[in-house]
Protein chains: 2
Amino acid sequence: MPAQQFPISEIVAAQRPARKDAARNYDALLTAAREAFAEHGSEASLEDIARRAGVGIGTLYRNFPTRRSLFESVYADEVNALCRSAVEFAGLDPWEAVTAWLERFAGYMVTKRAVREALEGESEIFQACRDSLYAAGGPLFERAQRAGAARTDMEFGDLLRLVAGITATAFTDDAQRDRVLAIALDGVRAGR
Amino acid sequence: MPAQQFPISEIVAAQRPARKDAARNYDALLTAAREAFAEHGSEASLEDIARRAGVGIGTLYRNFPTRRSLFESVYADEVNALCRSAVEFAGLDPWEAVTAWLERFAGYMVTKRAVREALEGESEIFQACRDSLYAAGGPLFERAQRAGAARTDMEFGDLLRLVAGITATAFTDDAQRDRVLAIALDGVRAGR
DNA sequence: GTTGAACCGGAGGGGTACCTCCGCTACAGT
DNA sequence: ACTGTAGCGGAGGTACCCCTCCGGTTCAAC
């Protein structure tokens, strides 16, 4: 058993089928879906996803009976990877740790065009994703608060929305994105 | 001629048809489209928009030959109203003026779910909208910069993206939205 | 190598969206 | 009031998407 588990980890692992060909198709579908969702939002065509994955539409439906279940799996997969990465930053300076993790949060969320919906989804899996994110990033932020590096009149949830909102926006170039993100984080740092 | 004109103003006025019944339909379509775009993003069904407006699909297509032209008109309409409102705030304290206008920006942009696309659209009208927004809000921001109330290592465009990103995000309640927006604006205020 | 269970692809029925086209309606100018 | 014209609605062809179902295929356990 690993040092730290997140609510989402087991769920993700349990989904993948055992048989070799089935597992290959499952992976191809997740990859194709991640691309399609990133490109067209959560309304992407399921038949297109199956085509991208080089798989029949029937195979898609066998693995993911509903559009929502497919989206949940893609999202859970990304959240899982993101949570596992939080452990790496535990040793850094408190403020550095928060910004480093948020940087990764901003990058990993390929599905960001649809994250807003997910952040308030009601299903069990979205709930587990939220819990996992809080379990992974929350301690980093609270440590920064205790160290006097982050303002204390806000919650970790506020910070996630702030970063999610900014990174979901289209910028003229990456430099502008980083500039704007840094400005917003200055607001978090300031304290008051 | 009004005291101040924005590039978008004439374009908006020129679109509306002259005949009475046609003008009524035009208005109904704009209203219905504003709602539908706010609800489903810029991919909203055109037939649904016509239904909401109580108008035949043919009438929609006569007024707006393409989906893009309809979206442009809705967007231009909102930008126009927003720009005209900037004049009201010219008398306030420099920082107050900026935040008051941004508050309205955040509220008016009912089409916000799709604003990101519009902020980098290539068409003539999107260009005019951008120019209008800069002409309306830019001076407020630069005045705040000269007064030492806003940091000078950023541009007005950065500020717009920042606010647009945050307000396009779903929050659990309005209080959280205001809290997050205030935090981000603290970053703008801080100076450095 | 055999075998049966699990898995596969994609045809096809039903639905919805896009857009065009044309017979009908209602406005506005005389 | 008359009338020509600008404007109207919606039927219908085409295309795509959703989802089910089933005959054929591939895996893995023996």
Side-chain angles (χ1 to χ4, degrees), chain A residues 12-75 111 113-114 117 121 123, chain B residues 12-75 111 113-114 117 121 123:
Chain A
V12 167
Q15 301 268 334
R16 198 159 179 270
R19 228 176 84 168
K20 199 167 57 176
D21 54 346
R24 190 175 351 107
N25 286 337
Y26 180 87
D27 292 342
L29 279 169
L30 270 194
T31 302
R34 186 172 10 251
E35 284 175 20
F37 286 145
E39 224 165 282
H40 301 113
S42 64
E43 306 287 283
S45 156
L46 297 182
E47 285 186 332
D48 179 51
I49 289 173
R51 270 193 300 272
R52 287 185 199 226
V55 147
I57 184 68
T59 300
L60 185 151
Y61 275 94
R62 199 170 325 99
N63 280 284
F64 308 100
T66 66
R67 168 189 300 279
R68 168 161 273 247
S69 70
L70 173 56
F71 180 71
E72 285 175 349
S73 292
V74 171
Y75 185 63
T111 43
R113 283 195 52 159
E117 303 156 39
S123 81
Chain B
V12 168
Q15 301 268 334
R16 197 159 179 271
R19 225 175 84 168
K20 198 168 56 175
D21 55 346
R24 189 173 358 104
N25 286 336
Y26 179 88
D27 293 342
L29 279 169
L30 272 193
T31 302
R34 184 169 15 247
E35 284 175 20
F37 286 146
E39 224 165 284
H40 302 113
S42 63
E43 306 286 283
S45 154
L46 297 181
E47 285 185 333
D48 179 51
I49 291 173
R51 269 193 301 272
R52 287 184 199 227
V55 149
I57 185 69
T59 300
L60 186 150
Y61 276 94
R62 199 169 327 98
N63 281 283
F64 309 99
T66 65
R67 169 190 298 281
R68 168 161 274 249
S69 71
L70 173 57
F71 181 71
E72 284 175 349
S73 291
V74 171
Y75 185 64
T111 44
R113 283 197 52 161
E117 303 156 38
S123 80

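The structure displayed is predicted, hence computed values, not measured ones. We use all heavy atoms of the structure for the numbers below, so side chains are in, but hydrogens, waters and symmetry mates are not.
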- Message: In whole Å, I'd like the distance from the OH atom of Tyr26(B) to the C1' atom of dG9(D).
- Response: 20 Å
- Quick one: is dC8(D) close enough that its OP1 or OP2 comes under 4.0 Å of any side-chain N or O from Asn25(B)? yes
- Message: Expressed as a whole number of angstroms, how long is the span from Arg67(A):CZ to dC19(D):P?
- Response: 7 Å
- Query: For Arg52(A), what residues pass the salt bridge (charged side-chain N to carboxylate O under 4.0 Å, His left out) criterion, not counting sequence neighbours?
  - Reply: Glu35(A), Glu39(A), Asp48(A)
- To the nearest angstrom, the CD-C1' distance between Glu43(B) and dC17(D) comes to 14 Å
- Message: Once salt bridge (charged side-chain N to carboxylate O under 4.0 Å, His left out) is applied, what residue pairs with a partner in residues 22-31 of chain B remain, sequence neighbours excluded?
- Response: Arg16(B)-Asp27(B)
- Message: I'd like to know if the side chain of Thr59(B) reaches the main chain of Val55(B), judged simply by a donor and an acceptor atom lying under 3.5 Å from each other, with no hydrogens or angles considered.
- Response: no
- Calculate, to the nearest 0.5 Å, the distance between atoms OG1 and CG belonging to Thr66(B) and Leu70(B) respectively. 8.5 Å
- Message: If the condition is side-chain contact (heavy atoms from CB on, under 4.5 Å), which residues does Ala22(B) pass it with, not counting sequence neighbours?
- Response: Pro17(B), Arg19(B)
- Message: Suppose we screen for ring-ring contact (aromatic ring centres under 6.0 Å, His included). Which residues come up paired with Tyr26(A), at least two apart in sequence or across chains?
- Response: Phe64(A)
- Task: Kindly compute the distance separating CZ (Phe37(B)) from CG (Leu30(B)), expressed to the nearest 0.5 Å.
- Result: 9.5 Å
- Query: Could you state the interatomic distance from CZ (Arg68(A)) to OG (Ser42(A)), rounded to the nearest 0.5 Å?
  - Reply: 9.0 Å
- Ile49(A) CD1 to dC16(D) C1', in whole Å, measures 15 Å
- To the nearest angstrom, the CG-C1' distance between Leu29(B) and dC8(D) comes to 12 Å
- Note on the structure: dist Glu43(A):CD -> Arg67(A):CZ (nearest 0.5 Å) comes out at 5.5 Å
- Can you name the residues that form a side-chain hydrogen bond (donor to acceptor under 3.5 Å, both in side chains) with Gln15(A), not counting sequence neighbours? none
- Range on DNA chain C touched by chain B, heavy atoms, distance below 4.0 Å: dA17(C) to dA28(C)
- Query: If an axis is fit to five pairs at each end of the helix from dG1(C)-dC30(D) to dT30(C)-dA1(D), what is the angle between the two, to the nearest 10°?
  - Reply: 30°
- Message: Generate the contact string for nucleotides 20-30 of chain D. Rules: B means base contact, S means sugar-phosphate contact only, - means no protein heavy atom under 4.0 Å.
- Response: B-----BSS--
- Using whole Å, report how far CG of Leu46(B) lies from P of dG10(D). 17 Å
- Message: Heavy-atom nearest nucleotide on DNA chain D for Ala22(B) versus Glu47(B): which residue maps closer to 5'?
- Response: Ala22(B)
- Message: To the closest 0.5 Å, what do you measure between CD1 (Ile57(B)) and CD1 (Ile49(B))?
- Response: 8.5 Å
- Give a yes/no answer on whether the side chain of Ser45(A) brings an N or O atom under 4.0 Å of OP1 or OP2 in dC18(D). yes
